[in-house]
Amino acid sequence: MNQNEAIARIKELTTVLNRHNHLYYVESNPEISDYDFDMLLKKLQALEMQFPDFVNDHSPTKRVGGDITKKFETVVHKYPMLSLSNTYSKEEIEDWDARVKKMVGDDLEYVCELKYDGVAIGIQYVDGKLFRAVTRGDGAQGEDVTNNVKTIRTIPLVLHGDYPSDFEIRGEIFFPLKNFTKLNEQRLEAGEPEFANPRNTASGTLKMQNSKIVSDRGLDCFLYGVYGTGNLDLGHIETVAKVADWGFKIPSEQDRYIAKTNSIDGVMDFINHWDENRDALPFEIDGIVIKVNQYHQQEELGYTAKSPRWAISYKFKTERVETRLESVIYQVGRTGAITPVANLTPVQLGGTTVKRASLHNADQIEKLDLHFNDAVYVEKGGEIIPKIVGVNTACRTVDAKRVGFIDFCPECSSELVRESGGANHYCLNETECLPQMKGKVEHFIGRKSMNIDGLGSETVDVLFKAGLINNVADLYELNFEQVVEMERTADKSANKLIDGVKASKGMPFHKVLFGLGIRFVGETVAKKLAKSLNSMSAISVATFDELIAVDEIGDKIAMSIQAYFSNEENCLIVDRLTAFGLNMEVEEKEQASAVLKGKSFVVSGVFNAFSRPELKEMIELNGGKNVSSISSKTDYLLAGDKMGPAKLKKATDLDVTILSEDAFIAILKNNEHVN
Ligand code: IVH
């Protein structure tokens, strides 16, 4: 391909991919499968690599991230980013309504919106292209986080339609709860402490230097303001509707994410609805924002020093109780991460008795300026674990001692090390510190690792107590006589345990690798390593460069893998596991049958007998192909529970055969030929 052809192809692919991205993320109405999208993206990536001079700043490849921002430049906001005045009672809303009406008269409309609990962002578009995205900062100036914001799929890189040549969109970047939970699951699997809440994590993510990580985490954005369109005749809600035509995802009126009303009763209705239903939202909100709709009335009302008079927020009350901090204990996790936990005088909160609250890390303790015996405020937010949100300092005695962080491991007395640049402390004595030793075995036997039947954390405790095991390799030397002699172990359980351990030798290599519990090596990373390097021996001797050449493996993971294999005791465990016959390399998958040959499947919903990944694997092993979205080319929709009605309708409209899990299993069992 010559240069001119390449330029034309890059341009064409950019337009096509941006369109499909919009259809998928903004309109939730994809026309092509994820696979086809990825193939087009790969083509564009390859061309961009070949012709780097022609990569444009608005290429859809920017969504995948990879650009590194060494230092976030400070940018002065063209329009200051103010805050809203908060109210906590309906009376205050009524007072505000009266003040507004006194200034602009009775003829007005209000727009009610959700108050998204995330991080404010201002995004400037010049000539229809995303020019710059800046955080709120101190309101007058913020930080340029453009590279990271470009990875958020619902924010258009290039606009279409009749947009102004230079304007700014304001919105809130937030962590969808599903993605936040997934991130925490991955962190737990990789032996890292969980993040405390979606808002702070969204904020931290937005300031990461590597935009690839931002892309993977799956942030989202709702817009709530448009500046510089020059059209004062319209109202706010009409402008928001208009920007949808330019390519933005806007809050839906149908879902009641936004509503217009001309009465204060309508406002109260909206507030009551979300006060009752906010737990069902797929993201966190901390209140409702009420805005005067017409821009000319907004102008008339103007601003106080800090906030607009034309808007106000109603903050939901979170149930908060006061109790006493009795002590702080420090828990040691599987990877040696230390989590401080507050023991509280038991107190009733939201129908349960709260006795403990996680304090997360040293920074959190410092931020709260916590002292022993403090009267603390405890809240149960969106998270299940209650948290200490503040201290009633009026109740503190003068001689109260500040809560500090510990210097030595509470379990093995090794000196703790604070991770560089982070807030977590670690005990590095991984082979002798009991909770770490036990944690490693618990991780190894877990459902996602070796899935050993007949062995749970209580039995692990007993095995350690009896001195029968010290590490995962010892499990494979256990015999029936030893196990049956342990307290409370009957013949049947002893047999089950021995059989379970034996059966685990059939587990695939990537599960063994994941089971070792190497820090930062979660399930996905283990699969990627297994796929690229094939065997434990290759991984154990891989150079740093070989490791980071593997898809999704960065410096941190590579260093952790090298550290693991440079420890002799770890190598000894791996050698013993190899000798016991565990799978230490990738097995060529045998094709189970060709029953599904040439057939494409979309798997959607929640299933009973198998997980979604298991079903997808079964499809491939029997010759079928998985695609992610339904099109006229899809043969089957394998439908589980809780599947969206839109998908079902699409399948019916396109004449795609819908299979239940049972019907699918029956096909494989009977080896029926699929027509
Ligand atoms: S309008 C002049 N609308 O709340 C300020 N703000 O204290 C206009 N926020 O920093 C803001 N959801 O980040 C507005 N629907 C919404 C919002 C919203 C969340 C945040 C925003 C701002 C803070 C105001």
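Remember, it's 1-based here, ligands and their atoms both numbered in the order they're listed. Position 1 is the first residue of the sequence, and the numbers go up from there. Please read these numbers as outputs of a predicted model, since none were measured by experiment.
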Sub-4.0 Å heavy-atom contact, G225 with ligand 1: no
Test item, K291 contacting ligand 1 (heavy atom, 4.0 angstrom): yes
Residue part near ligand 1, for L114, under 4.0 Å between non-hydrogen atoms: backbone
Ring centroid separation Y125 to F248 under 6.0 Å: yes
Proximity to ligand 1 by part of V289, non-hydrogen separation under 4.0 Å: side chain
Which residue and heavy atom of the protein sit nearest atom 7 (O) of ligand 1, plus the separation: L84 N, 3.0 Å
All pairs passing side chain to side chain donor-acceptor pair (under 3.5 Å) where residues 64-75 contributes a residue, at least two apart: K62-D67, T69-N147
K315 charged N/C atom sitting above Y88 aromatic ring, 6.0 Å / 45°: no
For K387 against N197, the heavy-atom pair lying closest together: NZ-ND2, 4.3 Å
Nearest non-hydrogen protein atom, atom 12 (N) of ligand 1: Y116 N, 3.1 Å
Charged tip of R170 within 45° of Y227 ring normal and under 6.0 Å: yes
Ring centroid separation F167 to W246 under 6.0 Å: yes
Where ligand 1 meets P308 - atom numbers and elements under 4.0 angstrom, heavy-atom basis: 2 (C)
W96-Y314 aromatic ring centre distance below 6.0 Å: no
Test of ring centre spacing under 6.0 Å for F180 and F283: no
Sub-4.0 Å atoms of ligand 1 with respect to non-hydrogen atoms of L82: 2 (C), 5 (C)
For atom 23 (C) of ligand 1, the protein heavy atom that lies nearest, with its residue and separation: K115 NZ, 4.0 Å
Option nearest atom 14 (C) of ligand 1 (shortest heavy-atom distance, choices F222, Y79, Y224): Y224
Nearest-contact summary for atom 15 (N) of ligand 1 - protein heavy atom, Å: E113 OE1, 2.7 Å
Atoms of ligand 1, numbered as shown, that sit under 4.0 Å from any heavy atom of A120: 10 (O), 13 (O)
E172, any N or O under 3.5 Å of ligand 1 N or O: yes
Aromatic centroids of F37 and Y24 separated by under 6.0 Å: no
